[in-house]
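Have a look at the structure below before the remarks.
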Amino acid sequence: MTDDHHHRPDRADADADAGPRLAPLPEDDWDPSTRALLASIPRDADGRPANVFTTLVRHPDLFRHFLPFGSHLLRDGRLSDRTRELLILRTACNTRAEYEWGRHAPLARAAGVTDEEIRRVGEGPDARGWAPSDARLLRAADELHRDARLSAATWAALAADHDEAQLIEITMLVGQYHMVAFFLNSAGTRLEPGFDAETLPTTAGTGADTAGREHDDV
């Protein structure tokens, strides 16, 4: 495959000044069923639900089934908050999902990820300073992004400090946030004020790079 196949442009490369392809549904247009679907969604400081929800609710049937799964992974999963947010941030880097990054950088800080570590997520698992356990998580996100599978070595390394349910959840979480990134990037969903100050870092050591790929468990 060519390098162009793996290039995922930042929004600045693709219609940065254009409005979203799908705008959030204005509250004045919410019918009673829409209000019921959004009733459980936490509001931002301005009193509004996040744009991801008010855009996705344009497909109410899908929204109704999507929300419990996404909420379970975000709030009730078996991974630690720090583990979850490192995986999501690296996935946001790999998919160039500015909205995903902007919303989850504050959640990562709340989970104990430092500003320096958040910046370093863009440098990938081989950057100096990562604890081995954190580097394994970033490597897992990269492998899933690149190969749609974990290598035998990474699976074994993760299994040393995660149980079976957590191993399943790692793969499902990364997959979930790929799916969300596909939607957000394609819909052109914009970050809300207060979250748009978070800058998606330039990605080094990206999981999109196929150099050195080894399927050691085929």
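All heavy atoms count here, side chains included; hydrogens, waters and symmetry mates do not.
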Consider only side-chain N and O atoms of Tyr99 and Glu198, and report whether a donor and an acceptor are under 3.5 Å apart. no

Would you call Leu79 and Leu173 a side-chain contact if the rule is heavy atoms closer than 4.5 Å? yes

Residue pairs fulfilling salt bridge (charged side-chain N to carboxylate O under 4.0 Å, His left out) with at least one residue in [range], sequence neighbours excluded:
| range | result |
| --- | --- |
| residues 42-60 | Asp44-Arg103 |
| residues 176-189 | none |
| residues 156-178 | Arg136-Asp161 |

Could you state the interatomic distance from CG (Asp81) to CG (Leu107), rounded to the nearest 0.5 Å? 9.0 Å

Can we call the ring centroids of Tyr177 and His104 under 6.0 Å apart? yes

Under the side chain to side chain contact (heavy atoms under 4.5 Å, CB included) test, residues paired with Pro60 that sit two or more places apart: Leu37

Residues passing the side chain to side chain contact (heavy atoms under 4.5 Å, CB included) test with Arg128, sequence neighbours excluded, are none

Audit row: Thr95, Trp101, side-chain contact (heavy atoms from CB on, under 4.5 Å) steps and yes/no: CA-CA 10 Å; Thr95 57; Trp101 178 271; over 6 Å; no

Using side chain to side chain donor-acceptor pair (under 3.5 Å) as the criterion, list what pairs up with His178, not counting sequence neighbours. His145

Quick one, Asn94 with Asp142, criterion side-chain contact (heavy atoms from CB on, under 4.5 Å). Give me CA distance, side-chain angles, the key distance, then yes/no. CA-CA 7 Å; Asn94 284 334; Asp142 283 3; 2.9 Å; yes

